[in-house]
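Reading through the structure tokens given below for one structure.
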Protein chains: 2
Amino acid sequence: MGSTIKDIAKQTGLSIATVSKFINGGNVLPENRALLEKSIKDLDFEVNQVARGLKKNRTMLIGVIVPNFESKFFMRVISNIENSLMRYGYSTIVCDYRGDYKLEVEKIHFLYGKKVDGIILPPNEDNAKTYKDIIKRGISLVFLDRPIDAVPCDAIIVDNRAAARKAVESFLANGHTKIGLVNMNEPGLYTAHERLAGYLDAHEAAGLEVDRRRIAFAATSVDGGYDATLSILDANSGVTAILATNDDMAFGAIKALNARGLRIPDDIALIGFDVYDVATVFNPELSVVVQPLGEIGETAADLIVKRLGQERPLSPRVVELKTELILRGSSEKSV
Amino acid sequence: MGSTIKDIAKQTGLSIATVSKFINGGNVLPENRALLEKSIKDLDFEVNQVARGLKKNRTMLIGVIVPNFESKFFMRVISNIENSLMRYGYSTIVCDYRGDYKLEVEKIHFLYGKKVDGIILPPNEDNAKTYKDIIKRGISLVFLDRPIDAVPCDAIIVDNRAAARKAVESFLANGHTKIGLVNMNEPGLYTAHERLAGYLDAHEAAGLEVDRRRIAFAATSVDGGYDATLSILDANSGVTAILATNDDMAFGAIKALNARGLRIPDDIALIGFDVYDVATVFNPELSVVVQPLGEIGETAADLIVKRLGQERPLSPRVVELKTELILRGSSEKSV
DNA sequence: TCAGAAGCGCGAAACGTTTCGCGCTCGGGG
DNA sequence: CCCCGAGCGCGAAACGTTTCGCGCTTCTGA
């Protein structure tokens, strides 16, 4: 029950050093190998990773920090990160900071204490100094979902701008010209900014004027999407299509349209973001922009593991993955 | 950058032992206290939890193991467990075993190596021996979502049987007598068994004969729910209402009903399980049985922390939480 | 004034591992 | 036959903490 390297040494008559060598793949005489294998099985010995971590200064632990545990997007990405890191022998400690950036700093210090080998997080400009500190301490850092200007660092992002642009262009292709945007209202949020830019890009490319009444910002939630959608409808700008840049906001948009008795897509066409499991359950099925959650997690894991292995600090790698626009019934009726 | 207790000792001129004492809340002379506080801030010292863990034989780490990372129910419960444990100063290491019970044993051994103080998992009968081993090693164990007969152990569950019964009774109250059940098909799955029992209870209490054609088992997934629902419809037993015992299966049921052109609730009334965010986005809104995810997480955390504190092994505590039946449009039209 | 108690600080060992470098053995080649 | 090198095993120190018990100081009270 909880035997140590010492017990193995005692039982085999070998020294602690030799046992350790064997455990770590070193060569030992065949007869000793047999002895050791038997003894390890007998006492069901397992390396004490805590002791090893202390000695080697590597814990095989990666910290992941997210704003909160409510975000489906981040939770799924975390699942995939955990899954991928596990294959490399790493485990994950997950923290949230309930949207409080001061608390994020605390969590980072908490992870310092845990001696994690690396940290993965979606950065915000406010804590740029802390991120630099992480790197200075020799802890590998990977940014999730967005880069920040102030800190050059590995990052895994998606082509938000192109994604929004393509979604709007699909509306245009179906003859829509009065297109609404239900966007996330978080100051400085990279993804919101990029998706807006994509929306504007598409308009500019089509030579279409942008009507600000058709753009609404609101809290990233079902209620936020609901309110934003109503405000667009109430602006009476003749909107015939809406792009919602977040799954919850897309749900809010559906609720708002239902509440107003507007049919999808006949009265208003709709495309959402990040709606995964249930997009096809709606009637008509919901068109969506999907981010490659699996790849995002894998890439985050790859980036951090690669950096961990490296001795020399390599220059920051920013990986941008492609989103996919999946068109279904909710946006497929032409005007 | 990564200073230790030794650095503090050197800078303050005090001994290592005194620094340690201070860190752990021991009394020191006021002048020394000031010195220590200053020095700790100066060098921004943080206790090395790895070293502490080695010495104290407590890592403040709890392992959580789930069958896979796809289950929304478990992922949400994990979020809440993490959140609650964090308040007690514990962190969480999450593993999955992709439905492979042999792999679950490996993950448990992996957690042995990490020297976790406790483990939380949904048990299965196959690995009863391993669970006993966990307890024998002095690692606290809490069962999630279900107990098993072979191992007496703390557990957090919900009133699955009553939940299903109440859902069926709400159908009965609306005049339905031909009620379908779309159930999860996993051998030995406690929750599936209990929910079936509740379904049967309600029938028996109402003096209603059970028609086996109205009960279908299938994979716990959207497709499974879809297939199961179609099979019930195709049995031509005159079903007018359906209870789906899982969120994905409820989605599958909706898809199946849409596919057949059946209206909810006019043609078929529907109640789902565990549909949280989007239940009110459907039109009509979906009636559901909800499990108290927050409380489940908190209670799991409480149970394990309580057991961790205890010196003496107390007798197993099984906490059963109440589910809530929320009736909405999808089940509210009488026949 | 002095004995004793209370409070504080310190040295040293210990937790379980890795790692360094030395010394031994054994075999092969000159 | 002897020397040298390769290969293996071992002792000891180290990672950063906690903890034990002893010894010193200081204060209280008779």
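We name chains A, B, ... by the order of the sequence lines, and we start the count at 1 in each one. Below, all heavy atoms of this structure are taken into account, side chains as well, without hydrogens, waters or symmetry copies.
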**Message:** Closest approach to the side chain of A:Asn27, judged atom by atom: which nucleotide of C:dT17, D:dT17, D:dC8 is it?
**Reply:** D:dC8
**Request:** May I ask you to establish whether A:Arg33 and A:Phe22 are in a cation-pi arrangement, using a distance under 6.0 Å from NZ or CZ to the six-membered ring centre and at most 45° from the ring axis?
**Result:** no
**Request:** Calculate the interatomic distance between A:Lys10 atom NZ and C:dG16 atom C1'; express it in whole Å.
**Result:** 13 Å
**Item:** Candidate list B:Arg307, B:Arg317, B:Lys306, test side chain to side chain donor-acceptor pair (under 3.5 Å), partner B:Asp154, passing option
**Value:** B:Arg307
**Request:** Could you state the atom-to-atom distance from CZ of B:Arg58 to P of C:dA14 in whole Å?
**Result:** 23 Å
**Fill in**
Considering only heavy side-chain atoms of B:Leu54, the closest of C:dT17, C:dA12, D:dG16 is D:dG16
**Message:** Rounding to an integer number of Å, can you tell me how far B:Lys6 NZ sits from C:dA12 P?
**Reply:** 14 Å
**Asked** Nearest to the side chain of B:Leu29 - D:dT17, C:dC8, D:dC8?
**Response** C:dC8
**Asked** Atom CZ of A:Arg52 and atom C1' of C:dT19: how far apart are they, to the nearest Å?
**Response** 13 Å
**Prompt:** Does B:Thr4 make a side-chain N or O approach to OP1 or OP2 of D:dG16 shorter than 4.0 Å?
**Reply:** no
**Prompt:** Is the side chain of A:Tyr190 donor-acceptor paired with the backbone N or O of A:Pro123 at a distance under 3.5 Å, no angle test?
**Reply:** no
**Side-chain N or O of A:Asn24 closer than 4.0 Å to phosphate OP1/OP2 of C:dT18** = yes
**Asked** Between A:Leu14 and B:Lys56, who's closer to the 5' end of DNA chain D by nearest nucleotide?
**Response** A:Leu14
**Asked** Which listed nucleotide (D:dT18, C:dT18, C:dT19) is nearest to the side chain of A:Ala17?
**Response** C:dT19
**Request:** From the options D:dG16, D:dG11, C:dG9, select the nucleotide whose nearest atom is closest to the side chain of B:Thr18.
**Result:** C:dG9
**Request:** Could you verify whether a donor N or O on one side chain and an acceptor N or O on the other, from B:Asn48 and A:Tyr112, lie under 3.5 Å apart?
**Result:** no
**Request:** Among the candidates D:dT18, C:dG16, D:dG9, find the nucleotide nearest to the side-chain atoms of A:Lys21.
**Result:** D:dG9
**Prompt:** Starting at CG of A:Asp7 and ending at C1' of C:dC15, how long is that distance when rounded to a whole Å?
**Reply:** 13 Å
**B:Asn32 vs C:dG9: side-chain N/O to OP1/OP2 distance below 4.0 Å** = yes
**Request:** Return the value, rounded to whole Å, for the distance between atom NZ of A:Lys55 and atom P of D:dG16.
**Result:** 9 Å
**Listed nucleotide nearest any side-chain atom of B:Asn48, set C:dT18, D:dT17, C:dT17** = D:dT17
**Request:** Please tell me which of B:Ile16 and B:Asn57 maps to the more 5' nucleotide of DNA chain C, matching each residue to the nucleotide holding its nearest heavy atom.
**Result:** B:Ile16
**Message:** Measure CD1/A:Ile8 against C1'/C:dT18 and give the value in whole Å, please.
**Reply:** 16 Å
**Request:** Classify the side-chain pair B:Asn80/B:Glu298 by whether it contains a donor and acceptor separated by less than 3.5 Å.
**Result:** no
**Request:** Examine D:dT18: is either OP1 or OP2 under 4.0 Å from a nitrogen or oxygen in the side chain of B:Ser20? Give yes or no.
**Result:** yes
**Message:** How close do B:Gly297 and B:Ile81 get, counting heavy atoms only, and between which atoms?
**Reply:** CA-CG1, 3.7 Å
**Message:** How many whole angstroms separate atom CD1 of B:Ile5 from atom P of D:dC15?
**Reply:** 14 Å
**Asked** Base, sugar-phosphate, or nothing: which does A:Phe45 touch, judged by heavy atoms less than 4.0 Å apart?
**Response** sugar-phosphate
